[in-house]
Amino acid sequence: MTSQPARKTPGELLKERGQHAEDIVAVRSGGRIVDLHTPVDANAELTPIRASEAAGTQVLRHSAAHVMADAVQRLFPGTQVTIGPAIDSGFYYDFSRPDGKPFSDADLELIEAEMRKIIGSKKPFYREEVSREQAHQLFEGMGEKFKLEVLDAIPGNEAISLYRHGSPGRPEGTWVDLCEGPHVPTTGHIGAVKLLSVAGAYWRGDERNPMLQRIYGTAFPDEKALKEHLRLLEEARARDHRKLGKELELMMFHEWAPGMPFLLPNGAGIYNRLIEFVRSLYFDYGYEEVVTPQVFDRRLFETSGHIPNFIDGLYYPTTLELMKEHAGKPLGPGPADHPALAFGLKPMNCPSHCLMFGQRRRSYRELPWRVADFGRLHRFERAGVIHGLARVRSFCQDDAHIFCTQEQLEGETAAFTQLLFDVYRAFDLTNVSVKLALRPEKRMGTDAEWDHAENALERVLVNANVPFEKLPGEGAFYGPKLEFHVLDAIGRDWQLGTIQLDSQMPESFGLDYIGADGGGHRPVMLHRAVLGSLERFFAIYIEHVAGKFPVWLAPVQAALVTVSEKQAEYAERVRRELHAHGLRVTVDAGSDKLGAKIRNARLMRHPYVVVLGEKEAEASTVSVRSRDAGELGSMPLSAFTARISAEALAPKPGKTPAPVSQ
RNA sequence: GCUGGCGUAGCUCAACUGGCAGAGCACCUGUUUUGUAAACAGGUGGUUGGGGGUUCGAGUCCCCCCGCUAGCUCCA
């Protein structure tokens, strides 16, 4: 290796410039992140990156992945390494074990302990550039066939770099990996690490490839930051909607209907109030609601163009008559072409709405026509992807389709965006970001049509001054879309709303309307949902509020508890009074002690616990304890009724300010 | 669908290498009549997810299903 006098390492330069600090893990120079030990121009401009910055933490995690791979190969000789990147919340490394066995939790502890030794030794990382041949020889000699594949995939014009870190106890004294870098100055800069889980993962993410063993871990500059992260993970577990759904009796599942939730009275109440809320906004925004069939002749989905893309996702209800009639007949070219499978359970509402649009001659005066549908949908999701309420096989969306003219497109998209922000604010989801998903590889329509559609959506965002990010290849097969993402109370990102522009389906159904010119014109169709799947939104919302539903949604708004059984009569009077105001109330007048009754009510996260004892009965008062505001003391029943009635109203959104990205 | 893990009372979980299926909570009954997060006693409750096999003997070992779960892949 040659050293040129005009080049120095950033580490040296920072010292010369008086900028040196222990927690600097790399520098930004000319738009690139560089190690402290990789030489740069002696007069280069350098911005130090500290371990606690996002970019610095990523560098540190990538280094932690190397240290983990080192530890694994020490403890499990013969294990091959593949790739090991930093990810949002930590890092992972995929391994191939000669015996194909997975790592156990006990193994993770051993590996973590070994990592601590390597980190404690504070040995340097350094970069080395080699020729393709040298790299090839090196990894071939080590028997690392996955690394050879990675090497072969690196474009010919790119430099090949290796990273080594000092690895005490190894005969060669270092551990080496094919890697672009950058890395922290020494293993000691890694700070705090924790290995979290092990899981199978396909080589290169392709399910036809061999399954590798992936170990997930996370790393932070110090123990405090790690502890905070682990606390958040714990918090997420505590909020898990499947756990809360069971505890609060919101829903249940049964193996005779896998992936299909049963909403118990508590859950069904919330679910229906969500629908009612959206419905009330539909009135304000000029939507009309329809009811459509559940089972369709498959020709509907053939016409809509869904069959080739969707065939695996359909449920096929059939009849004894059909089965008898077609018993023993061969399958057609597609597995679902069997005549006994003539009917499908609808997986989406749009084709029904197209049939409705085409039912009679339409005029341009009727447009835009906004058709809302809370129809139940069924999709045969693969067994491994089902997850509580968040991913189910039977669900409903706050779905609507807008048939409009090209000219109305922008106004409709803007109005929808407004509606969407009204709804999100009502659910206290205020951190929203917008993405524009562009044409996927598998798609219908010509490139010219896609150009037109993509430009239209982009124009809406630009005109409305909404910040957005483009997602190439993420659009639906029939058109581009906007995605609306929110951050929940513990910082997780969820996609909720979407609006998708579609000129394919009106084409497929031959839809047209008579324009002012007396001629026929094809309408544009907008597929749009604010909350998306209501089941999934319910899951997200349960976790967002940690089961503490606001009064307007809560299954029980006030739990009345008596001090002794003697107040049963007064409790019944209070219950009737609140019930007459349309409030949802339970009474616990049993023989438990007061403390136990309060505990039970709090575990159910009811917004109010109302204590009724001798004093209250005599004075016609109630002693109120608020879930969110604490002890409110004694008040006349009428005062409590007024207070809770005001909170029990569904939010009535005004105009929500223009969307803001975080 | 793939790779691991798991499935025991309504819930949360025990049951050493194969050897009498248990606890707490919930529920029911009784006692207690309670003042802001768990009163006391007794009782009911199980073909250990389903089917097959090995064995004198299976919750435990083997095989096949089903479901759940962590990820991977997928999410039109």
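Below, all heavy atoms of this structure are taken into account, side chains as well, without hydrogens, waters or symmetry copies. All figures in this text were calculated on a predicted structure; none of them were measured in a lab. Here is the naming used below: chain letters follow the sequence lines, and residue numbers restart at 1 for every chain.
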Taking atom [atom1] in both [N] and [M], compute the distance separating them and give it to the nearest angstrom.
| N | M | atom1 | result |
| --- | --- | --- | --- |
| B/U48 | B/G19 | P | 16 Å |
| B/C11 | B/U69 | P | 14 Å |
| B/G22 | B/U44 | P | 12 Å |
| B/A41 | B/U32 | C1' | 11 Å |
| B/U3 | B/C13 | C1' | 27 Å |
| B/U12 | B/A58 | P | 29 Å |
| B/C25 | B/C6 | C1' | 23 Å |
| B/C56 | B/G49 | C1' | 28 Å |

- line: Between A/Ala383 and A/Ser591, the residue closer to the 5' end of RNA chain B by nearest nucleotide is A/Ala383

message: Judged by each residue's nearest nucleotide on RNA chain B, which is more toward the 5′ side, A/Glu474 or A/Val609?
response: A/Val609

For the residue pair [Y] / [X], report whether a side-chain donor-acceptor contact shorter than 3.5 Å exists.
| X | Y | answer |
| --- | --- | --- |
| A/Thr498 | A/Arg528 | no |
| A/Thr562 | A/Lys597 | yes |
| A/Tyr608 | A/Glu647 | yes |
| A/Thr292 | A/Lys346 | yes |
| A/His452 | A/Glu454 | no |

task: Tell me, please, which residues at least two apart from A/His229 pass ring-ring contact (aromatic ring centres under 6.0 Å, His included).
output: A/Phe220

query: Taking only N and O in the side chain of A/Lys243, is any of them less than 4.0 Å away from OP1 or OP2 of B/U12?
result: no

task: Please check the phosphate of B/C75 (OP1 and OP2 only) for any side-chain N or O of A/Arg536 closer than 4.0 Å.
output: no

What's the [atom1]-[atom2] distance between [X] and [N], to the nearest Å?
| X | N | atom1 | atom2 | value |
| --- | --- | --- | --- | --- |
| A/His378 | B/C75 | NE2 | C1' | 17 Å |
| A/Tyr570 | B/U33 | OH | P | 24 Å |
| A/Leu212 | B/G4 | CG | P | 13 Å |
| A/Ile386 | B/A70 | CD1 | P | 12 Å |
| A/Gln500 | B/C75 | CD | P | 13 Å |
| A/Met604 | B/A37 | CE | C1' | 15 Å |
| A/Glu631 | B/G35 | CD | C1' | 10 Å |
| A/Arg242 | B/C68 | CZ | C1' | 9 Å |

message: Suppose the criterion is ring-ring contact (aromatic ring centres under 6.0 Å, His included): which pairs have a residue in residues 583-602 of chain A, not counting sequence neighbours?
response: none

From [options], pick the nucleotide closest to the side chain of [X]?
| X | options | answer |
| --- | --- | --- |
| A/Arg214 | B/U36, B/U69, B/C72 | B/C72 |
| A/Gln213 | B/U3, B/A38, B/C72 | B/U3 |
| A/Val611 | B/U73, B/U34, B/U36 | B/U36 |

Report each atom pair, protein N/O against N/O of nucleotides 23-28 of chain B, whose distance is under 3.5 angstrom.
none

message: Students often mix this up, so state it plainly: with edges at 30° and 60°, are the rings of A/Phe146 and A/Trp203 parallel, tilted or perpendicular?
response: perpendicular

- request: Please work out whether the ring planes of A/Phe262 and A/His254 are parallel, tilted or perpendicular, with thresholds of 30° and 60°.
  value: tilted

Could you tell me which residues satisfy side-chain hydrogen bond (donor to acceptor under 3.5 Å, both in side chains) with [X], sequence neighbours excluded, listed by chain and number?
| X | value |
| --- | --- |
| A/Trp494 | A/Asp488 |
| A/Tyr541 | none |
| A/His353 | A/Asp373, A/His401 |
| A/Gln73 | A/Glu144, A/Trp175 |

- request: Measure centre to centre between the rings of A/Tyr93 and A/Phe91, then say whether the value is under 6.0 Å.
  value: no

task: Would you check if the side chain of A/Asp94 reaches a backbone N or O of A/Leu212 as a donor-acceptor pair within less than 3.5 Å?
output: no

Report yes or no: is there a donor-acceptor pair, N or O only, under 3.5 Å between the side chain of [X] and the base of [N]?
| X | N | answer |
| --- | --- | --- |
| A/Arg599 | B/U36 | no |
| A/Tyr202 | B/G1 | yes |
| A/Gln567 | B/G35 | no |
| A/Arg391 | B/C74 | yes |

query: Among all residues two or more places apart in sequence or in another chain, which pass the salt bridge (Lys or Arg N to Asp or Glu O under 4.0 Å) test with A/Arg627?
result: none

- request: Could you list the residues that satisfy salt bridge (Lys or Arg N to Asp or Glu O under 4.0 Å) with A/Glu565, not counting sequence neighbours?
  value: none

With a 4.0 Å cut-off on heavy atoms, is [X] in touch with a base, just the backbone sugar-phosphate, or nothing at all?
| X | result |
| --- | --- |
| A/Glu249 | nothing |
| A/Gly595 | sugar-phosphate |
| A/Lys246 | sugar-phosphate |
| A/Lys566 | sugar-phosphate |
| A/Glu247 | nothing |

- prompt: Residues from residues 556-565 of chain A sitting under 4.0 Å of RNA chain B, heavy atoms only?
  reply: A/Val563, A/Ser564, A/Glu565

- request: Can you sort out which residues in residues 253-266 of chain A have a heavy atom within less than 4.0 Å of RNA chain B? Ascending by number, please.
  value: A/Glu255, A/Pro258, A/Gly259

statement: Parsed dot-bracket for RNA chain B after applying the Watson-Crick and G-U rules with both distances under 3.5 Å and | for other-strand partners is (((((((..((((.....[..)))).(((((.......))))).....(((((..]....))))))))))))....

